[in-house]
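Below, chains carry the letters A, B, ... as their sequence lines are ordered, and counting in each starts from 1. Everything quoted here is computed from the prediction, not taken from an experiment. No hydrogens, no waters, no symmetry mates; every other heavy atom, side chains included, goes into these values.
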Amino acid sequence: MRKKKFIFGFTWGAVAVAIIFFGITKRHALDNGSFSHNRINFASHSLLASQTPNIPETDLFFHLSQLLREKYVDEVPFNDKLALGAIRGMITNLTDPNSTFMNPKQFENFQNAQKGIFEGIGVETQFYYQPEQLKALKNERVTDTALFIPSLKITSTLPGASAHQAGLQSGDRITHVNNRWVLSYEEVHKFRELQNNNLKQNQLKTEDLTKLRKQISGQLKTSLTPAQARELLTQNKEGHIKLSWIRGKQTFTATLPLKQTIAKPVTIVQPRTIRLNFYKGADEELKKILSQFPEVTIDLRGSTRGHLETMYSCLELLAPRGTYGKFTRDNPKVETPLEVKTGNAHPPKIKLLVDDFTQGPAKVFAIALSSRKKAALIPEKGTNFPQEQEIIETFSLPEGNGYTLTTAIYKP
Amino acid sequence: MKFIYKIFTGIFFFLILFGIGFSWQDIKQGHLPSQETLAKLLTPAETDPKVTPTQLFKENYDRVFSRYYKPVSHDKLKYAGMSGLLSSVGDPYTIFLDPKTAKEFLQDTKGNLVGIGALLSSDRLGARIRKVYEGTPAKQSGIQNSDLITAVNGKSIEGEDIFKIVQKIRGEENTIVKLSILRGSSSKPLILSIKRKNFSVPTVDSKYDAENQIGYIAITSFLEPTARQFAQALQDFEKKPTEGLVIDLRWNPGGLLEIATQMLSKFIDHQLVVTMKVKGNHNITEYTKAGQVISKKYPIVILINEESASAAEIFAGVLRDAKLATLVGEHTYGKASVQQPIPLVDGSCAKITIARYLLPKGEDISRKVDQDMQYVSGGLKPEVEISFEPGSDFEQGEFTKDSQLKKAIQVLKSKVGNQKNLISAP
């Protein structure tokens with residue numbers, strides 16, 4: 001009888017434990033979705049300290065998320081924000097100028113621009129790195145943070161936009177926005193040189209040096225990063241903005257209105273000269289125009305945006321069947337040819353105008369046609385037109401975020 | 001009837017048990033599960049086909065790894081992701097340290113380094129010796145202040161970044177580093193072979209101003225050896241006719257709270273240092289130790305500036321709140337949070353802000369900034385304000401070349417005078 005009671009009690013005890021355990025598993029499953037995780041404790045114990053086992057990335061992600069939720073002083077919900085932060089970290093760490101993480105506003109602007117819809121003063125800008133900066137950035141360990149600072153340059157202005165009316169031109173470097181200094185490697189470098197020289201030659205009196213230092217640190221304190229400045233230039237449909245810019249040795253200042261500008265993929269600038277941007281629909285419009293021209297000059301200066309797919313369709317209209325260069329990757333080593341499948345057996349005679357700011361799909365287009373002698377390339381004076389172009393893909397993320405990633409290099 | 005009653009009791013009992021299991025991870029932390037979690041339990045799982053954060057991370061991790069045009073190392077990508085994860089809470093002090101950085105960090109908090117034992121400053125021609133620490137290989141080999149290192153192991157370091165140079169000079173213990181050194185106006189370099197040793201960085205620098213009978217102690221950070229070095233300095237002053245103390249906390253970024261507490265125990269007997277507010281409205285209090293107060297009561301002036309932070313602010317704030325010290329200089333940084341480093345088995349480390357603290361009188365000194373991250377308010381306010389005037393001959397702690405220190409001594413002397421008057425008053 002006592003034995004029976006014991007078994008009875010034991011069974012109920014076991015059921016109770018099982019139910020508690022079920023509760024714990026259920027909670028765990030709810031927090032982590034279908035992902036299963038062993039509850040390994042990754043906190044280091046002194047006994048284990050000498051071992052350095054590898055923790056798989058998902059386990060580490062989950063464990064650190066849990067640590068944050070348990071320890072961080074404020075509530076940390078286990079949501080996409082944590083994953084988005086991790087993705088931002090990975091993209092930023094590539095230190096690749098073309099791979100960027102974008103917040104919802106930036107991503108919306110980016111996607112609009114790919115379609116030809118612009119806000120702000122209606123400009124295309126570029127983060128410009130000096131050749132010496134690029135060389136240094138290829139090194140694994142960069143200790144001089146100034147090397148990461150690009151300068152902000154105008155690559156093109158849209159017809160009808162306020163920048164165009166104010167006389168901004170491609171190649172202009174933005175130095176001030178709303179009276180605040182825009183950081184650039186050139187300026188930081190110049191100030192450093194100035195300080196070093198003065199210290200070395202003792203030309204300046206102590207008070208002057210102090211004054212100079214104060215002036216520099218004052219300017220630095222209120223300065224804008226190139227990314228912040230770019231946002232001010234390319235966001236918002238109303239209000240005004242005060243700009244200063246440099247062209248050669250000349251400086252300019254003007255106050256410009258902010259508005260929305262819609263750019264067309266194809267504009268006829270002169271008889272037989274068209275400006276081409278690979279926004280959606282460029283292929284359709286190009287088709288209409290081409291039938292009128294036995295020869296055409298295509299202006300690709302300052303053309304940076306648009307879609308690769310649209311560019312392929314345009315290539316089908318202008319080039320005979322064949323292969324036009326290749327996309328190369330190093331991870332692993334792969335080469336894929338750029339193929340024109342049906343093509344145009346009787347293409348018009350083509351001239352291509354390019355400059356330093358012909359980038360992205362436009363540059364692939366120009367290299368493809370000119371390297372196979374299907375078009376004459378006419379670079380702007382002083383343009384150095386290297387025969388390769390990074391291929392950049394766009395990926396969207398939850399909550400309106402997104403990023404770009406360099407996935408290949410195009411070469412003729 | 002009785003049977004049905006039994007069944008209901010049973011079901012009720014099971015539900016309670018399930019509830020305990022379900023909320024276990026919250027109960028452990030002393031609160032109940034959030035409504036959000038409970039709501040998730042009650043809505044059927046099918047209505048939530050969303051990918052989990054872990055899946056979202058994994059998907060993009062794999063994409064960057066396989067789609068990026070250049071090879072990416074698994075570890076580098078993983079640790080970059082973790083770094084981003086910890087920054088996503090929006091707190092600049094919650095950071096991830098990869099194994100290499102974590103090792104350096106842990107070594108740094110111990111105040112232990114392996115190298116030659118000298119502080120370098122950047123110079124266009126190489127690296128200049130700013131300070132040679134006592135009892136280190138550098139001292140023994142006769143390296144002097146303002147010597148210029150032009151080459152390391154026979155390779156010129158001209159124009160190189162100071163951090164890179166330091167990395168080259170540091171290394172494994174008992175290995176040898178060869179330095180080419182220019183001294184004075186000599187153009188012929190001196191070649192020295194120096195054996196790298198483990199040494200502890202002095203974090204306390206003390207001086208005695210015999211003319212004014214004032215002891216000066218500069219504390220550069222609060223690391224493990226600091227408390228002992230500080231106690232030693234106090235002991236030295238007790239042997240001399242010392243009337244007051246200047247404690248210099250300028251450019252002191254803080255360090256270990258327990259060390260600051262130990263040092264405060266020299267002046268304050270078993271009293272509140274800080275109240276730390278951790279997750280879920282819990283308070284943790286830290287008290288100074290009992291029975292360690294030094295016998296001599298000095299008037300104290302503490303020098304502060306915007307680069308005094310964390311433990312330095314606590315140290316200064318507690319002595320001020322206890323009416324034992326006058327603060328002189330510029331407002332401090334305003335870092336009113338406490339971090340806990342959590343080492344992981346792979347050698348990496350998560351440094352997480354676990355609490356915000358209040359000074360003994362309940363003051364919150366947290367830094368407030370505007371949209372451009374510029375200082376608006378926060379930190380400790382000096383009672384006597386004097387701004388830093390950098391001259392080319394400025395040298396921290398030199399009585400004649402440090403205008404803020406001069407002011408501090410002046411304030412201290414007036415305090416000493418007052419105290420003497422008080423004592424001599426009948």
Taking atom types as modelled and ignoring hydrogens, do the side chains of [X] and [Y] form a donor-acceptor contact shorter than 3.5 angstrom?
{"X": "Thr353(B)", "Y": "Gln339(B)", "value": "yes"}
{"X": "Thr394(A)", "Y": "Thr404(A)", "value": "no"}
{"X": "Thr406(A)", "Y": "Asp96(A)", "value": "yes"}
{"X": "Tyr79(B)", "Y": "Asp346(B)", "value": "yes"}
{"X": "Asn54(A)", "Y": "Lys78(B)", "value": "yes"}

Under 4.5 Å from any heavy atom of chain A, what part of [X] do you find: side chain, backbone, both or neither?
{"X": "Phe65(B)", "value": "backbone"}
{"X": "Gln340(B)", "value": "side chain"}
{"X": "Ser66(B)", "value": "backbone"}
{"X": "Leu17(B)", "value": "both"}

Legend entry - Identified side-chain contact (heavy atoms from CB on, under 4.5 Å) partner of Tyr357(B) from the options Asp364(B), Asn283(B), Thr275(B), Val274(B):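 So, applying the side-chain contact (heavy atoms from CB on, under 4.5 Å) to Tyr357(B) and each of Asp364(B), Asn283(B), Thr275(B), Val274(B), only Val274(B) qualifies.
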Which portion of [X] sits near chain B, non-hydrogen atoms under 4.5 angstrom:
{"X": "Phe21(A)", "answer": "neither"}
{"X": "Asn79(A)", "answer": "backbone"}
{"X": "Thr92(A)", "answer": "neither"}
{"X": "Leu405(A)", "answer": "side chain"}
{"X": "Val15(A)", "answer": "side chain"}
{"X": "Glu393(A)", "answer": "side chain"}
{"X": "Leu94(A)", "answer": "both"}

Inset, instruction - Specify which of Ser337(B), Pro71(B), Ala355(B) makes the most heavy-atom pairs with chain A at under 4.5 Å. - result: Pro71(B)
Legend entry - Among the listed options Val278(B), Leu56(B), Thr94(B), the residue most often paired with chain A at heavy-atom distances under 4.5 Å: Leu56(B)
Inset, instruction - Test Lys58(B) against every option in Asp62(B), Asn60(B), Thr54(B) by the side chain to side chain donor-acceptor pair (under 3.5 Å) rule and name the one that passes. - result: Asp62(B)
Legend entry - Sidechain-backbone polar pair: Arg356(B) side chain, Ala336(B) backbone, donor-acceptor under 3.5 Å: no
Legend entry - Short side-chain to backbone donor-acceptor contact, Lys279(B) and Asp74(A), under 3.5 Å: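 Pair found, side chain donor or acceptor close to backbone of Asp74(A).
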Inset, instruction - Look at Ala83(A), Ala18(A), Pro332(A) and state which one has the largest set of heavy-atom pairs under 4.5 Å with chain B. - result: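 Maximum pair count with chain B is reached by Ala83(A).
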Legend entry - Heavy-atom pair count under 4.5 Å with chain B, highest-scoring of Phe327(A), Phe395(A), Tyr72(A), Phe101(A): Tyr72(A)
Inset, instruction - Just do the ring pair (Phe, Tyr, Trp, His ring centres under 6.0 Å) check on His74(B) and Tyr61(B) with the steps written out, would you? - result: CA-CA 9 Å; His74(B) 263 304; Tyr61(B) 174 90; 5.8 Å; yes
